[in-house]
Peer 1: 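After the C-alpha cells below, expect a handful of questions from me.
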2 protein chains.
Amino acid sequence: MNVGEVAALAGVTVRTLHHYDRIGLLSPSGRTSTGYRQYSPADLDRLHQVLLYRDLGFPLEEVATLVDDPSADPAEHLRRQHRLLQDRLERTRAMVAAVEKEMEARAMGIDLTPQEKFELFGDWLPEEYEAEAEQRWGDTEAWAQSQRRTRAYTKDDWVRVKGEGEDVETRFAAALRAGVPADSEPAMDLAEEHRQQISRNFYDCTLEIHAGLGRMYVEDERFTAHYERIAPGLAQYVSDAIRANAARRER
Amino acid sequence: MNVGEVAALAGVTVRTLHHYDRIGLLSPSGRTSTGYRQYSPADLDRLHQVLLYRDLGFPLEEVATLVDDPSADPAEHLRRQHRLLQDRLERTRAMVAAVEKEMEARAMGIDLTPQEKFELFGDWLPEEYEAEAEQRWGDTEAWAQSQRRTRAYTKDDWVRVKGEGEDVETRFAAALRAGVPADSEPAMDLAEEHRQQISRNFYDCTLEIHAGLGRMYVEDERFTAHYERIAPGLAQYVSDAIRANAARRER
DNA sequence: CTTGACCCTGACGCGACGTCAGGCTGTGCA
DNA sequence: TGCACAGCCTGACGTCGCGTCAGGGTCAAG
C-alpha cells in the first residue's frame with residue numbers, strides 16, 4: 001500500500017506519515033523504484049500501535065520507546081493499552097463526578113469558591129501524569145493499589161494526607177539543620193515513619209520499595225527540587241536516612 | 001492572588017498564565033502599581049472553565065469563544081461540559097471494547113488484519129470530531145439521537161450504512177451528468193430517499209433539518225469537497241434538490 | 001500522449017507553550 | 001537598614017507535531 005491508502009485507512013494525513021518516516025517512528029518497509037513509500041501489513045500494525053499510544057497522550061519520542069520495547073510482545077501491548085485506557089476512563093469519570101457535584105452545589109444554592117472547584121477537579125492529579133506515572137511505576141501492584149485507594153479519598157482526606165507528609169518533611173528538615181546524621185537512630189526513625197505513612201495512605205510500602213523511593217529522591221530532579229526547596233541538602237539527607245533504615249531493618 | 005499562587009492552585013505553569021494573558025484568553029482583572037498580575041476569584045473561575053475546555057481538546061481560540069459565549073450562563077456551561085465529558089467517556093469505552101475484542105481474538109488464535117483493527121478502532125469517528133461535532137450540532141436532539149443509535153452499530157452496520165450512502169450519491173451524480181434538473185421529480189425523489197436514509201440510520205431527519213444539511217453541503221468546504229470529488233457541481237446539485245424536495249413536501 | 005490524480009522532497013508556518021536572559025520587587029532576618 | 005533570595009516582569013528564541021505551499025516527477029485511464 002502507498003501513503004494515500006494508508007492515510008485514508010488509518011484516518012491520518014499523508015503529511016503525518018511523512019513526518020513519522022522522517023523521525024524514524026514508522027518507516028515503510030519498502031520503496032518502489034521510483035521512490036514511492038510501500039507499507040506492509042506489519043507497518044500497518046505498527047501504525048496502529050503508534051496512533052493508539054499517541055491518542056493516549058504520549059509524545060512521539062515515548063511512543064517510539066513503547067512500540068520498540070523489546071520486552072513487550074503483542075499481548076503485553078494490549079494489556080498496557082487496556083490499563084492506560086482504564087485509567088483514562090477513571091479520570092474522565094472523576095471529572096464527570098466533579099461537574100455533577102458542581103451542578104448539585106449550584107442546585108442547592110451553594111456557591112463553591114474557585115479553590116474548591118480546582119480541588120474538586122483534582123489538579124493534584126493532572127492529566128499529564130497519565131503517561132508519566134505509567135512510565136514511572138509501570139504495572140506495579142503498588143501503583144494499582146495506590147490508584148484504588150486514593151480514588152475514594154475525599155477532599156478532607158487529601159488535606160490530611162498532605163498535612164501528614166509535610167509534618168514528616170519539616171521534621172526531617174529540622175534534623176538536618178540540627179546536624180543529626182542521616183544514619184542515626186532518630187533520622188532512621190523518621191524514615192520509618194515516612195514509610196508507614198505511605199503504607200497507610202497509599203500502598204504497602206515495603207522496605208525494598210521504600211529504598212527505591214529514596215534513590216528516586218536524589219535521581220529524579222523533580223523530587224530533588226521538591227526537597228531542596230524545603231531545605232538545601234534535604235533530598236540527599238532523606239535518601240540516606242531511608243537507606244540506613246532499610247539496612248537496619250533488613251537484618 | 002499573583003501568578004505563582006494561581007499557577008500552583010490550578011496546576012499550570014506561570015508561563016501558561018502569561019501566555020493566556022498575552023493572547024487575551026485570560027487577563028488578570030488587576031495589576032499592582034509595580035506591574036504584578038493580580039487575579040480575582042472571578043478570574044480563577046474563568047481559568048477553571050478555560051482549563052476544562054482545553055482538556056477536552058478545544059484549541060484556545062475556540063475555548064475563548066466558548067467561555068465568552070454570551071448565551072451561556074454557568075448552568076449552561078456545566079451542562080455542556082457534562083455532555084462533552086460523557087461523549088469522551090463513551091469514546092474511551094469504545095476504545096476499551098476494541099482492545100478487549102483484540103485480546104479475545106488473540107486468545108482464540110484469530111489474527112485480525114491491520115484493516116480490521118483500524119475498523120474496530122473506528123477511525124471513521126476520530127477523536128478530533130469531539131470538539132467539531134459539538135460546535136456543528138450543539139445540543140440538538142438529532143445529534144444525541146445519532147450518538148445513541150450509532151453507538152450500537154457493528155462493523156457490518158457501518159459497511160451497510162456507508163454503502164447506502166454511496167449508492168444515493170452515485171445516483172445523484174448520474175442524474176447530474178444526465179442533465180436532470182435539480183428541481184425535477186427524479187432529483188427530488190433522490191433527495192427524499194437521502195432524507196429517509198438518514199432517518200433510518202442516524203436520527204429523525206425532518207424536512208427542516210434536511211434543508212439545513214443541504215445548505216451546509218454548499219457552505220462547508222469539507223462537505224463541498226466530499227461531493228465535488230464525486231462529480232463537479234454535485235454539492236450544489238444535491239443542495240438544490242434537497243431544497244426543492246423540502247419545498248414540495250411542505251405544501 | 002495527454003491529463004489529472006498521486007507521490008516525492010524541501011522549506012516555512014503555527015499553536016501552545018518551555019526556557020533562558022536581563023532586570024525589577026518584596027520580604028525575612030542579621 | 002541592608003542584603004540575600006525568592007518571585008515577578010518583559011522580550012525573545014526553541015520545541016513538538018504536524019499543516020501548507022512550492023516545484024517537480026509518476027501512474028493509469030482514456
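Treat the numbers as computed from the prediction; the structure is a model and nothing was measured. Numbers restart at 1 for each chain; the letters A, B, ... are given by sequence-line order, proteins then strands.
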Peer 1: Kindly say whether G233(B) contributes a backbone atom to a donor-acceptor pair with the side chain of Q236(B) at under 3.5 angstrom?
Peer 2: no
Peer 1: Atom pairs under 3.5 Å, N or O on each side, protein against nucleotides 28-30 of chain C: can you list them with distances?
Peer 2:
none

Peer 1: Distance from Q81(A) atom CD to R88(A) atom CZ, nearest 0.5 Å?
Peer 2: 13.0 Å
Peer 1: For T13(B), enumerate each residue passing the side chain to side chain contact (heavy atoms under 4.5 Å, CB included) test, keeping only those at least two apart in sequence or located in another chain.
Peer 2: R15(B), T16(B)
Peer 1: At what angle, to 10 degrees, do the two end axes of the helix from dC1(C)-dG30(D) to dA30(C)-dT1(D) meet, given five pairs define each axis?
Peer 2: 10°
Peer 1: Give each protein N/O atom lying under 3.5 Å from an N/O atom of nucleotides 3-5 of chain C, with the pair distance.
Peer 2:
none

Peer 1: Within the 4.5 Å heavy-atom criterion, are H82(B) and L78(B) side-chain neighbours or not?
Peer 2: no
Peer 1: Report, as a single string ordered 5' to 3', how protein heavy atoms within less than 4.0 Å touch nucleotides 8-19 of chain C: B base, S sugar-phosphate only, - not at all.
Peer 2: SB-B----BBBB
Peer 1: State whether the side chain of T65(A) and the backbone N or O of E62(A) hold a donor-acceptor pair below 3.5 Å, judged by distance alone.
Peer 2: yes
Peer 1: Show me the pairs that pass ring pair (Phe, Tyr, Trp, His ring centres under 6.0 Å) and involve residues 61-81 of chain B, at least two apart or across chains.
Peer 2: Y53(B)-H77(B)
Peer 1: Which heavy atom of V50(A) sits nearest to which heavy atom of Y20(A), and what is that distance?
Peer 2: CG1-CE1, 4.0 Å
Peer 1: Where the side chain of D43(A) meets the backbone of P28(A), is there a donor-acceptor pair that is under 3.5 Å apart?
Peer 2: no
Peer 1: If each of S33(A) and G4(B) is mapped to the nucleotide of DNA chain D with the nearest heavy atom, which maps nearer the 5' terminus, i.e. the 5' end?
Peer 2: G4(B)
Peer 1: Does R46(B) reach the main-chain N or O of L25(B) with its side chain, forming a donor-acceptor pair under 3.5 Å?
Peer 2: yes
Peer 1: Could you give the CG-to-P distance, from L17(A) to dC6(C), as a whole number of Å?
Peer 2: 15 Å
Peer 1: Can you check whether A235(A)'s main-chain N or O pairs, donor with acceptor, with S239(A)'s side chain at less than 3.5 Å?
Peer 2: no
Peer 1: Within this structure, what is the CD-to-C1' distance between E5(A) and dC27(D), rounded to whole angstrom?
Peer 2: 13 Å
Peer 1: Please say whether more than 12 non-hydrogen atoms of neighbouring residues, nucleotides or ligands are located less than 6.0 Å from CD in Q38(B).
Peer 2: yes
Peer 1: Is it true that R80(B) and D69(B) make a salt bridge, defined as a side-chain N closer than 4.0 Å to a carboxylate O?
Peer 2: yes
Peer 1: Might you point out which heavy atoms bring A187(A) and A241(A) nearest each other, and give the distance in Å?
Peer 2: O-CB, 3.9 Å
